[in-house]
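Here is the structure we will look at.
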Amino acid sequence: MTSVDARLAERNIEFASQLDEWFRAQARPLPWRAPGTTPWAVLLSEIMSQQTQVARVIPKWQQFLERWPTPADLAAASDAEVIRAWDRLGYPRRAVRLRALAEAIRDRHAGEVPDTVEELLALPGIGPYTAGAVAAFAFGVPAQVVDTNVRRVLARHRFGHAEAWAPSVARDTAAWNEVTQAVPAPLVVSLAQNSMELGALVCTARTPACERCPIAEQCAWRAEGYPAADDSLPKRKPQARYAGSLREMRGMLLAELREHAEHSEAELRAMHTTAGTEDPRFEAALESLITDGLVVRSSKGSLQLP
DNA sequence: ATCCTGCCTT
DNA sequence: AAGGCGGGAT
């Protein structure tokens, strides 16, 4: 081992150890972190937390588990039931994917959530983050876990960037490999959870609370005087305006279909036609919902949840 | 306006 | 690599 490797190893282990100490004292008691949480419950929490804040996920997570305690239970439900239960968590296509996911677990894995990244990644609706998170948090595998929080913490603390780099599997993997090198497996697992928690509570995107940060002393970004974002780094494009968007129309149509079991297509179209002029978004929104499997067109021109 | 424990398609 | 996809909170 070269002296460079030795120094990196020392830095990595100190980084992981300090975060671990902080986590034990400061972490939120999230329900899916309680001992005895099933892999299915962990998986469900990760799916629901994809682009939805923890506070909004918690009650919905509890409702789903009470109603569908195992993958087989959810697989046996209809898409319509799951879409209605999903309610306003956002990105309703996740509800359909979730049921397909439960079905795949039932059919390919005898109803048990698999414990390897490779098998998890092959399931619908599970990408690099979720596969790693489930392997790590449900099964203790020292897998790569890079979400927006980890990405930002590493970008700042280890690499001195003001903002996280844009999501890229290559960048995520390179950074993860560097910071976990020579770190013992159990500590790698906690590093994932700990850095995620630090990003959520302290090293936040907008106004980081550096005065409460347990690793501020070693922070590269702080050492460099909190430099502004590097323009050479790719940035996520801001979301388009919601009012008037196709997404808004999708939301309106889905709300109506959630409420009434069935609609005639003509009736639904009429609801979005004023003074003889059809809302130009109507057709595209409907087709998009059908493509996502959120709405089905029946034989005689009626629309309903699948 | 920006962010939130991303994923899938093109 | 880029664009699309909810809805709530700050």
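Within every chain, numbering begins at 1; the chains are lettered A, B, ... in the order of the sequence lines, protein sequences first and strands thereafter.
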**Q.** Rounded distance (Å) that lies between atom C1' of dG6(B) and atom CG of L101(A)
**A.** 14 Å
(Q) Contact list please: residues 18-44 of chain A against DNA chain B, heavy atoms, distance less than 4.0 Å, in numerical order. (A) R28(A), L30(A), W32(A)
Q) Do Q304(A) and S298(A) have side-chain N/O donor and acceptor atoms under 3.5 Å apart? A) no
Q: Give the rounded distance in Å between these two atoms: CZ of R241(A) and P of dT2(B).
A: 14 Å
Q: Assess whether atom CD of E224(A) is packed by more than 12 heavy atoms of other residues, nucleotides or ligands within 6.0 Å.
A: yes
Q) Rounded to whole angstroms, how far apart are CG on L98(A) and C1' on dC7(B)? A) 14 Å
**Q.** Side-chain N or O of T130(A) closer than 4.0 Å to phosphate OP1/OP2 of dG6(B)
**A.** no
**Q.** Integer angstrom distance from the C1' of dC4(B) to that of dA1(C)
**A.** 22 Å
Q. In whole Å, what is the span from the CD1 atom of I126(A) to the P atom of dG6(B)?
A. 15 Å
**Q.** Q62(A), CD atom: more than 12 neighbouring heavy atoms under 6.0 Å
**A.** yes
Q) Does a nitrogen or oxygen in the side chain of R152(A) sit under 4.0 Å from OP1 or OP2 of dC4(B)? A) yes
Q: Would you give a per-nucleotide map of nucleotides 3-10 of chain C, 5' to 3', where B means the base has a protein non-hydrogen atom under 4.0 Å away, S means only the sugar-phosphate does, and - means neither?
A: SBBBBB--
(Q) Is it the case that atom CD in E287(A) sees more than 12 heavy atoms from other parts of the structure closer than 6.0 Å? (A) yes
Q: Determine whether the side chains of T70(A) and D73(A) contain a donor N or O and an acceptor N or O closer than 3.5 Å.
A: yes
Q. Touch check for A133(A), heavy atoms < 4.0 angstrom, all strands: base, sugar-phosphate only, or nothing?
A. nothing
(Q) Measuring only the P atom in each nucleotide, how far is dG8(C) from dC7(B)? A whole number of Å is fine. (A) 23 Å
Q) Who pairs with W22(A) by ring pair (Phe, Tyr, Trp, His ring centres under 6.0 Å), at least two apart in sequence or on another chain? A) none
**Q.** Sole residue of R158(A), Q181(A), R7(A), E178(A) in side-chain hydrogen bond (donor to acceptor under 3.5 Å, both in side chains) with N12(A)
**A.** R158(A)
Q) Honestly curious: do V141(A) and V150(A) fall in one hydrophobic cluster under the side-chain, below-4.5 Å linking rule? A) no
Q | Separation of atom CE in M48(A) from atom P in dC7(B), rounded to whole Å | A | 16 Å
Q) Counting any heavy atom closer than 4.0 Å, what does V150(A) reach on the DNA or RNA strands: base, sugar-phosphate only, or nothing? A) nothing
Q) Contact class for P167(A) vs. all strands (heavy atom < 4.0 Å): base, sugar-phosphate, or nothing? A) nothing
Q. If you draw a 6.0 Å radius around CD in E118(A), do more than 12 non-hydrogen atoms from other residues or ligands fall strictly inside?
A. no
